Q: 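Pasting a structure here, questions to come.
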There are 2 protein chains.
Amino acid sequence: MDNADSIGRMPVKRDTYTPDSLLKVAVEVFIERGYDGTSMEHLSQAAGISKSSIYHHVRGKEELLRRAISRALSGLFGVLDEPAAREGRAIDRLEHVTRRTVEVLMTELPYVTLLLRVRGNTDTERWAMARRREFDQRVSELLKQAVADGDLRADVDVRLATRLLFGMINSVVEWYRPSRAGRGGAATSEEVAEAVVRTAFAGLRND
Amino acid sequence: MDNADSIGRMPVKRDTYTPDSLLKVAVEVFIERGYDGTSMEHLSQAAGISKSSIYHHVRGKEELLRRAISRALSGLFGVLDEPAAREGRAIDRLEHVTRRTVEVLMTELPYVTLLLRVRGNTDTERWAMARRREFDQRVSELLKQAVADGDLRADVDVRLATRLLFGMINSVVEWYRPSRAGRGGAATSEEVAEAVVRTAFAGLRND
DNA sequence: ATACTGCTACCGAACGATCGGTCGGTGCAA
DNA sequence: TTGCACCGACCGATCGTTCGGTAGCAGTAT
């Protein structure tokens, strides 16, 4: 769509599709119609090229799904590798992971959305689910440690608390739309992340 | 499957499918494979009758979806009609609605799951999404009133707080499995509902 | 008892449409 | 002249749905 100019002379930007730029289009359609509800014909119309041309860039429909999910997972696991997620008190690390996960969810919104909606019908989808469980597991250990430290309430089961925390975090993909980051619409990713952290850790009720 | 005996002589129970008993089978498959990922062939295998026989009981695939969603919606809206949801302080009504919504989610799990996963590809799905928004709206008004009463924290936007609350509540369908209500597995619906209420209103952090 | 009738619950075969994917090109820029 | 980005036509398979038919049973007339 946007193709302003090329600086210098090297092949800076092409007007044609790359696997990644095609992926961007495809993922949006996947989210709108669901992966199974999207046909290659739908994709070709959204991309403005013929159905068969898509196969010039990617192996097929499932590769598009795999690429999207890979991107989402690397963003998510990247959070766990950040220094603030590896050092310090468990409660502080948990808060950091929560905040950063929300931010990644929002910056990589369509890719993570796709990951969270996978049902397990194909090998690719089952792999995605397994990797996602790994991520949840890592965060769950953080919660467990924070409870042991006495920083998190112990009257709610750790597994259940993890699920509720992720329920809150992951719900972002259900309603956040990046259009209009100013007034009247959505907020910045930092603002939303802050609200999630506050609500999750301090609760809705007034003191 | 189970057909023990008939008390008396009236047509108490038949061995054949009814629209409702067929729906029960279908909805389980829909959840496992996704609605679009489920073919009538899949349904016929799960039900143990031929593909064409399904059309003897229901008009088609979409009617199964519509029936399932209707059931979910009536359960949800039923909560709003309960006395404790209509009388008293807003914060108490909100807490009641939260608790009961979780319980309905769990008792009507597959039907509500289907409702929450609808994408809007057909008229039926768009109707479902509109009705769901109505429900969210009603709860959102409760939140707004509770903030005005000074019972809920005012430093998080009401719309955002509503979404996070529903994120937590609705996440139940992602992980709750009714198998084994005793130790080692899931809990009763009252216990889970209590945990959700506590976590949502008081937060995860220890005092 | 027997035969006929009507109905319910089911079936196999087949419908046109659409699915994901393949193939043999073609236009064009380097 | 080579190779990239793209195309229309077409593939077998599968989609949701329709159709004509049938086995079994209840009710009823014979």
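Chain identifiers are assigned alphabetically (A, B, ...) following the order of the sequence lines, protein sequences preceding nucleic acid strands; residue numbering begins at 1 within each chain. All values derive from a computational prediction rather than experimental measurement.
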Q: Could you tell me whether the phosphate oxygens of D:dC6, OP1 or OP2, come under 4.0 Å of any side-chain nitrogen or oxygen in A:Ser53?
A: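 Looking at the OP1 and OP2 atoms of D:dC6, neither is under 4.0 Å from any side-chain N or O of A:Ser53.
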Q: If a pair satisfies ring pair (Phe, Tyr, Trp, His ring centres under 6.0 Å) and one of its residues is in residues 47-73 of chain B, list it, with sequence neighbours excluded.
A: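 Applying ring pair (Phe, Tyr, Trp, His ring centres under 6.0 Å) to every pair that reaches into residues 47-73 of chain B, excluding sequence neighbours, yields nothing.
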Q: Applying side chain to side chain contact (heavy atoms under 4.5 Å, CB included), can you list everything that pairs with A:Thr122, at least two apart in sequence or on another chain?
A: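 Only A:Glu62, A:Thr124, A:Glu125 meet the side chain to side chain contact (heavy atoms under 4.5 Å, CB included) criterion with A:Thr122.
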Q: Side chain of B:Tyr55 only, please: which of D:dT18, C:dG12, D:dC7 is the nearest?
A: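 The listed nucleotide nearest to B:Tyr55's side chain is D:dT18.
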Q: Given atom CZ of B:Arg59 and atom C1' of D:dT17, what is their separation to the nearest angstrom?
A: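 Interatomic distance, CZ of B:Arg59 to C1' of D:dT17: 13 Å.
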Q: What pairs with A:Asp155 under salt bridge (Lys or Arg N to Asp or Glu O under 4.0 Å), at least two apart in sequence or on another chain?
A: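 Residues passing salt bridge (Lys or Arg N to Asp or Glu O under 4.0 Å) with A:Asp155: A:Arg153, B:Arg198.
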Q: Residues two or more places apart in sequence or in another chain: which of them pass side chain to side chain contact (heavy atoms under 4.5 Å, CB included) with A:Arg133?
A: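 If we apply the side chain to side chain contact (heavy atoms under 4.5 Å, CB included) test to A:Arg133, skipping adjacent residues, the hits are A:Met129, A:Ala130.
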Q: Show me the protein contacts with nucleotides 23-30 of chain C, counting only N or O atoms at under 3.5 Å.
A:
none

Q: Can you pull out every ring pair (Phe, Tyr, Trp, His ring centres under 6.0 Å) where at least one residue sits in residues 59-79 of chain B? Sequence neighbours excluded, please.
A: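 For residues 59-79 of chain B: B:Phe77-B:Phe135.
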Q: Take B:Thr98 and B:Thr101 through the test side chain to side chain donor-acceptor pair (under 3.5 Å) and record every step on the way to the result.
A: CA-CA 5 Å; B:Thr98 301; B:Thr101 298; over 6 Å; no
Q: In whole angstroms, how far is the C1' atom of C:dG21 from the CD atom of A:Glu63?
A: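 Rounded to the whole Å, the gap is 14 Å.
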Q: Taking only side-chain nitrogens and oxygens of B:His57, does any of them come within less than 4.0 Å of OP1 or OP2 of C:dC10?
A: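 Indeed, a polar side-chain atom of B:His57 lies that close.
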Q: Over how many whole Å does the gap from B:Ile54 atom CD1 to D:dC15 atom P extend?
A: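 One finds 12 Å between P of D:dC15 and CD1 of B:Ile54, rounded.
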Q: Taking only nitrogen or oxygen atoms into account, show me every contact under 3.5 Å that the protein makes with nucleotides 17-19 of chain C, one pair per line with its distance.
A:
| residue | atom | partner | partner atom | Å |
| --- | --- | --- | --- | --- |
| C:dC19 | OP1 | A:Ser39 | OG | 3.4 |

Q: A:Leu64 has an atom CG; how far is it from atom P of C:dG20, in whole Å?
A: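 Between P of C:dG20 and CG of A:Leu64: 11 Å.
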Q: How long is the span from the CG atom in A:Leu109 to the CD1 atom in A:Ile31, to the nearest 0.5 Å?
A: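 Going from CG on A:Leu109 over to CD1 on A:Ile31, the span is 6.5 Å.
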Q: So, using salt bridge (Lys or Arg N to Asp or Glu O under 4.0 Å) as the criterion, who are the partners of A:Arg119 when residues are at least two apart?
A: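 Result, salt bridge (Lys or Arg N to Asp or Glu O under 4.0 Å) vs A:Arg119: none returned.
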Q: Kindly write out the residues that satisfy ring-ring contact (aromatic ring centres under 6.0 Å, His included) with B:Tyr111, not counting sequence neighbours, or none if the list is empty.
A: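 Here no residue qualifies.
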Q: Output the rounded distance in Å from CG (A:Asn121) to P (D:dC15).
A: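 The answer, rounded to whole Å, is 12 Å.
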Q: Are any of B:His56's side-chain N or O atoms less than 4.0 Å away from OP1 or OP2 of C:dA9?
A: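 Yes.
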